[in-house]
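Report on the structure given below.
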Amino acid sequence: MPDTVRVRFAPSPTGEPHVGNIRTALFNWLFARHHGGSFIVRVEDTDQERKVEGALKSILASLKWMGMDWDEGPEGDTDGSRGPHGPYFQSQRLHMYKEAADVLLAKGDAYICFCTPERLDQMRKAQTDAKRPPGYDRHCLLELTAEERQSRVDAGEEHVIRFRIPWELPEVVVHDVIRGDVTWEPKLLDDFVMMKSDGFPTYHLANIVDDHAMEITHVMRAEEWLPSTPRHVLLYQAFGWTPPVFAHMPMILGDDRAKLSKRHGATSALEYKANGYLPEALTNFMALLGWSLDDHTEIFSQEDLIKHFTLEHVGKAGAIFDAEKLTWMNGLYIRALSIPDLASRLQPFLERPQAEGGLPDDVARPLDSDFLLQLTPLVQERIKTLADVTGVLGLFFEDIADYDSAMLIQKGATADNTISALKGVLKQFESAKTWDGAELEAMVKPLVDELEMKPGQVFGAIRVAVTGRAVSPPLFETIQALGRERALSGLRSAVAALTAAT
RNA sequence: GGCGCAUUCGUCUAGCGGCCAAGGACAUCGCCCUCUCAAGGCGGAGAUCACGGGUUCGAAUCCCGUAUGCGCCA
C-alpha cells in the first residue's frame, strides 16, 4: 500500500445518520486505521435547500459513539478547521469551485448554458417520444458563439456551467478495486451541470475538486455512486489530475431487497443507541455487512477489525440488514461485559422517563448504584438490548403487581398444599438469621420433601407470592435482592389471598 | 426507457478450477441442563451454487447469452 493512505467520509447534513452511511464511514475508517493513514470528514453542505438543522451534530455524534475518530474535519458543528486542508465544509470553499470551473471554461472543457427548465423539458420530451436516450443537446454550445454567450453573461442573464463530455473518446473506464474495470461509452453520458445558476457547485464538481485538494488516495463509497464515477474520471482528466483509487461498496438493503429506508424500521445509528444497542455490537455487525474475514470468525473487537480489514474481502452483492442477527450479537456483547460496566450502561435506561421505557416515574432518581450493581448479574443473560432491562428489573423497584391468586397454584399442586407450603416457607423465612439466597434455599428444600411436592411447585408459588409474576430471575437470588420485608409481606398476602379464595 | 452492477441455505456469508454430492453464523425445529424466563451444550432440517450454453480430463469458481433483482439518469 502507498505510504500515506488518505480517505474521507463525506456526509451531507440532510438527515439522520443512516446506517448505510455509517457503514461507509466505518469501512473508510477501518481502512485508514489498518494502513496507518488519515481519516477525513468533509461536510458536503452545498445543497442549502435540503440542509437540516442538527443533522451534522447527529452524524458526528454517531461517529464518536462508535469510536470513529477523525484526523481532519470539523472541530464542532460549524468550525471546519481541524487539519491543514480546510475548511472542511464545502459551503466555505465556494471560491475553489468557481476557480476550477473557470479553468475548464478557459480550456473549452466546459461551457455556459442559458437553457430554461421549460426548454429542457421540451427537449427531453421530444427525445423520449423519438425513443432516444435523453440528454442535453448542446444547444448553447453549438448555436451560440463565445461572444454571444459572454455578452449574455455580462448582461446578467441566469446561466449554469456544463461540463463538455469528450464524446470523441471511444470509452471511459473506471478501475474499481472491488468490481474490476467498468466501461462506459462517453457518447451515452450527457453534458452535466457542474455549476448551478446560484453559483453553487453540483456534487460532481465539488467532490472532485475537494478530493484532489485534500489529497484523497482512495474513494470508498456506496455502490449507488458507481454510475456517476465515469463523469468524475472525465473531470480528473480534464483537470489533468490523477484520480484516486475507487472502491464501490455493496449497499445495505431492507428485507424486500430495496435500499434500506425508514419504512424498513430503524435506520439511524442513534436510534440503535436509544434502543439499547452497544456500539461494539453495531460496529461488529455492520462490518460483516459486505465484509468477512473467513469461514468461521464473526466476533471482532474494533482492534481485530482494524487488524484484519482489507478491501480484498469486501463483497459485491447488496446485503439485507438483518436486525435479528444484530440483536443476537448485542446479547452476546452484553453477556461479555463486566458487571460494573454493564451496570453503568444500564443505569440511564432504567432512569429514563417511564413514558420512554424507564422505571415508573415515582421511583427516585438517580438509582442507588450499589443496589444496581447487585441486580446486574440477574439481568445479564436475560436481555438482548439495554432497553430490555426495565422489564426484567422493574419488579425490584415496584410494589408487587396485582395478580390472580390462582397463579400461585402451580401445575399439579392444590390450593391446600400450596397454602401449607407458603405458610411453611413464611415460618422459615421469619426465623432466618441472615438474609442470604443460598441459606434461604436450604431452608425450603426439606419443606418440599415433607409436603411431597415438586420443587417447581413450591418455588413457583413463592415466585408469584414475592414478585407477582410467573417469570423472574432465579428465585433465591431474587428474594435476597428484594429484601426480607418485601419477601415476608408478599408471602403473607399470598397466604391470605389463597385462604380467602377457598 | 437508457446505462451500470449484482445473483451460493429464509438472512449474513466461506469458496478465488480438483480438498465442495458446498463449510460457518442468525433465525427455525428437536433433545439435554433446569425453580420460571433466559443463557449454555448437542443434534436436525434447510442451497439441483438463478437458468441455458460453452471452455476444460475436471466449474459454485473462467467465457457468452437469458432471466430476475437493485442502483443511477430521465
Inset, instruction - Using a 4.0 Å heavy-atom cut-off across all strands, classify Gly290(A) as base, sugar-phosphate, or nothing. - result: sugar-phosphate
Inset, instruction - Not counting sequence neighbours, which residues clear salt bridge (Lys or Arg N to Asp or Glu O under 4.0 Å) with Glu430(A)? List them please. - result: Arg492(A)
Legend entry - Pair assignment for rG71(B), Watson-Crick or G-U wobble, requiring both distances under 3.5 Å: rC3(B)
Inset, instruction - When you get a sec, tell me which of rG23(B), rG71(B), rU11(B) is the closest nucleotide to the side chain of Arg257(A)? - result: rU11(B)
Inset, instruction - Just jot down the side chain to side chain contact (heavy atoms under 4.5 Å, CB included) partners of Thr229(A), sequence neighbours excluded, or say none. - result: Val174(A), Arg221(A), Leu226(A), Val233(A), Phe246(A), His248(A)
Legend entry - RNA chain B contacts made by residues 447-475 of chain A, counting heavy atoms under 4.0 Å: Gly456(A), Phe459(A), Arg463(A), Ala470(A), Val471(A), Ser472(A), Pro473(A), Pro474(A), Leu475(A)
Legend entry - Closest-nucleotide 5' rank along RNA chain B - winner of Glu381(A) and Arg231(A): Glu381(A)
Inset, instruction - Describe, in one word, how the ring planes of Phe321(A) and Tyr272(A) are oriented to each other, choosing from parallel (under 30°), tilted (30 to 60°) and perpendicular (over 60°). - result: tilted
Inset, instruction - Starting at atom CG of Leu293(A), determine the distance to atom C1' of rG23(B), rounded to an integer number of angstrom. - result: 15 Å
Legend entry - Arg124(A), nearest nucleotide to its side chain (from rA27(B), rG40(B), rA74(B)): rA74(B)
Legend entry - Results of salt bridge (Lys or Arg N to Asp or Glu O under 4.0 Å) for Glu452(A) - residues two or more places apart only: none
Legend entry - salt bridge (Lys or Arg N to Asp or Glu O under 4.0 Å) partners of residues 250-267 of chain A, not counting sequence neighbours, each pair once: Glu224(A)-Lys259(A), Asp256(A)-Arg263(A)
Inset, instruction - Report yes if at least one side-chain N or O of Lys384(A) is closer than 4.0 Å to OP1 or OP2 of rA39(B); otherwise report no. - result: yes
Legend entry - No-H, no-angle donor-acceptor pair, Lys325(A) side chain to rA27(B) base, under 3.5 Å: no
Inset, instruction - Check whether any side-chain heavy atom of Ser228(A) sits under 4.5 Å from a side-chain heavy atom of Phe192(A), and report yes or no. - result: no
Inset, instruction - Identify whether any heavy atom of Met329(A) sits under 4.0 Å from a base atom; if not, whether one sits that close to sugar-phosphate; answer base, sugar-phosphate or nothing. - result: nothing
Inset, instruction - Between rA14(B), rG71(B), rA39(B), spot the one nearest the side chain of Arg335(A), thanks. - result: rA39(B)
Could you tabulate the donor-acceptor pairs under 3.5 Å formed by side-chain atoms of residues 392-408 of chain A, not counting sequence neighbours?
from: Asp404(A); atom 1: OD1; to: Ala406(A); atom 2: N; distance (Å): 3.0

Legend entry - Selected nucleotide, minimal atom distance to Arg382(A) side chain, candidates rA38(B), rG71(B), rG24(B): rA38(B)
N/O to N/O distances under 3.5 Å, protein versus nucleotides 2-9 of chain B:
from: rC3(B); atom 1: O2'; to: Trp184(A); atom 2: NE1; distance (Å): 3.2
from: rC5(B); atom 1: O2'; to: Arg179(A); atom 2: NH1; distance (Å): 2.9
from: rC5(B); atom 1: O2'; to: Glu223(A); atom 2: OE2; distance (Å): 2.9

Inset, instruction - May I ask you to list the residues of residues 160-174 of chain A, by number, that have any heavy atom positioned under 4.0 Å from an atom of RNA chain B? - result: none
Legend entry - Watson-Crick or G-U wobble partner of rC37(B), both distances under 3.5 Å: none
Inset, instruction - Name the nucleic acid region contacted by Ile383(A), choosing base, sugar-phosphate or nothing; use a 4.0 angstrom heavy-atom cut-off, strictly under. - result: nothing
Inset, instruction - With sequence neighbours left out, write down each residue that passes side chain to side chain contact (heavy atoms under 4.5 Å, CB included) with Lys307(A), or none if nothing qualifies. - result: none
Legend entry - Between rC12(B) (C1') and Asp322(A) (CG): distance, integer Å: 7 Å
Inset, instruction - Ignoring backbone atoms, establish whether Arg221(A) has a side-chain N or O less than 4.0 Å from OP1 or OP2 of rG71(B). - result: no
Inset, instruction - Determine: side-chain N/O of Ser228(A) to OP1/OP2 of rC72(B), distance under 4.0 Å, yes or no. - result: no
Inset, instruction - Quickly work out the Lys125(A) NZ to rG1(B) P distance and round it to whole Å. - result: 17 Å
Legend entry - For Lys51(A), all residues meeting salt bridge (Lys or Arg N to Asp or Glu O under 4.0 Å), sequence neighbours excluded: none
Inset, instruction - Could you check Leu332(A) against Asp294(A) and say which one's nearest nucleotide on RNA chain B is further toward the 5' end? - result: Asp294(A)
Legend entry - salt bridge (Lys or Arg N to Asp or Glu O under 4.0 Å) against Arg162(A), all qualifying residues, sequence neighbours excluded: none
Inset, instruction - Look at the rings of Trp225(A) and Tyr203(A) and say which category their plane angle falls in: under 30° parallel, 30 to 60° tilted, over 60° perpendicular. - result: parallel
Legend entry - salt bridge (Lys or Arg N to Asp or Glu O under 4.0 Å): pairs with one or both residues in residues 276-303 of chain A, sequence neighbours excluded: Glu280(A)-Arg345(A), Glu298(A)-Lys325(A)
